[in-house]
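All remarks here apply to the structure that follows.
One-based numbering, in listed order, for ligands and for the atoms of each.
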Amino acid sequence: MDETTSFFESAPLLKDADNITSKLTQFIDQNSSSLSGSSGPRRVVCVTSGGTTVPLEQRCVRYIDNFSSGHRGATSTEYFLKSGYSVIFLNRRGTCQPYCRSLPDDPLLECFELTNDSCIQVQESHSEAVKTAIREHHAAVSGGLLLKLPFTTIFEYLQILRLIATSMKILGANGMFYLAAAVSDFYVPWDSMAVHKIQSASGPLDMRLAQVPKMLSVLRKEWAPTAFCVSFKLETDKEILLEKADKALKRYKMHAVVANELSTRKELVILVTDTAKVSVYRENHNSDVESPLIKLLVDKHSTFIKNT
Ligand code: 9Z3
């Protein structure tokens, strides 16, 4: 049995799989039969966002996590929607959500106040931000243009990604994958994982982590062979970033790889394709690097559709 098959066969059953599949079928049916302005059939992008956790116990008390805030995925989702795409937002529970960036960290407690007669009202200082967030989010969700699917663990993430990819197959070249989630490279296979909380009385913990199978290959070859695929490469050492991004582009046959360095990821990304490496900067401190990045990717996707 290959690594990918054994990952899925031993993964815990995805709760809610039927519900997710029916939401996906409905979303894709609706979007594949609708037109986007004058530019032909509506394009659908799956944006992945936030980090995956790696549970250490089946009845999970402890897990390994990573830094990802979900800002890239949430911001990019807004720009894809603005560009006329429909978005399947596969996001880590509790991370940054589209249209919530201009709200305070605890919007419920910080945006609202009680009036003298115990009614709830929006505080004047947050009123514009709250109205815009509600209006734009509501328009996207109720218009059938944004489907949000949450995950927590690496098992949930990869199982839902597979469901999304296989349901997006019918979109052909109009489908895009924008894989911004920070996916764990290592995990504890479910069948070798402790069932109960690991006991500290047994002394120091030695643990061997298995490698997560490289799903980018499987996505390109089997799950979504006709879609436009963009993956991300993150490094902390900028000396090796471009070389690694180039390797990923070739090894996984991506159409583009977005290379970014941890400390500058909000200011600069480098779009690597087989013909060029383009540095993409945010315009100023108040703008988003995702704005020019999504513009470039939309153009590349258009060329890809034309040539397919
Ligand atoms: C990224 O590189 C994203 O841009 C960030 C965004 C995770 C840095 P934030 O969520 O950060 O806005 O805080 N995502 C991909 C990271 C990743 O795991 N890439 C793998 C790799 O580098 C390939 S799939 O090996």
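A181 counts as a contact of ligand 1, since one of its heavy atoms falls under 4.0 Å from the ligand. Note on ligand 1: S231 sits outside its first shell, no heavy atom being nearer than 4.0 Å.
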Q) Under the salt bridge (Lys or Arg N to Asp or Glu O under 4.0 Å) criterion, do D246 and K250 qualify, and how do the steps go? A) CA-CA 6 Å; D246 224 20; K250 296 196 172 88; 3.3 Å; yes
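No donor-acceptor distance shorter than 3.5 angstrom exists from the side chain of N91 to the backbone of T48, with no hydrogens or angles considered. The main-chain N or O of G84 is found under 3.5 Å from a side-chain atom of R42 such that the two form a donor-acceptor pair.
For F232, a nitrogen or oxygen atom sits less than 3.5 Å from a nitrogen or oxygen atom of ligand 1, counting backbone and side chain alike. Polar contact check, G70 against ligand 1: a nitrogen or oxygen pair lies under 3.5 Å apart. Backbone and side-chain nitrogen or oxygen atoms of D185 are examined, and none is located within less than 3.5 angstrom of a nitrogen or oxygen of ligand 1. Here's the thing with A180: one of its N/O atoms is less than 3.5 angstrom from an N/O atom of ligand 1.
F177 pairs with exactly one of L90, L161, V230 by the side-chain contact (heavy atoms from CB on, under 4.5 Å) rule, that one being L161.
With ligand atoms numbered from 1 in the order given, ligand 1 contributes 21 (C), 22 (O), 25 (O) to contacts under 4.0 Å with heavy atoms of K233. The distance from ligand 1 to the heavy atoms of S69 drops below 4.0 Å at these ligand atoms: 9 (P), 10 (O), 12 (O), 13 (O).
With a 4.0 Å heavy-atom cut-off, ligand 1 is reached by the backbone of L234 and by its side chain too. Within the 4.0 Å heavy-atom criterion, the part of R265 lying near ligand 1 is the side chain and not the backbone.
A donor atom on one side chain and an acceptor atom on the other are found under 3.5 Å apart for N31 and S86. The closest side-chain donor-acceptor pair between T52 and S184 falls under 3.5 angstrom. A donor-acceptor pair shorter than 3.5 Å cannot be found between the side chains of S291 and D288.
Nearest protein heavy-atom neighbour of atom 2 (O) of ligand 1: N260 ND2, 3.0 Å. At the top of the distance list for atom 10 (O) of ligand 1, counting protein heavy atoms only, stands S68 OG, 2.6 Å. Atom 12 (O) of ligand 1 has as its closest protein heavy atom R72 N, 2.9 Å.
Between Y178 and F232, the distance from one ring center to the other falls under 6.0 angstrom.
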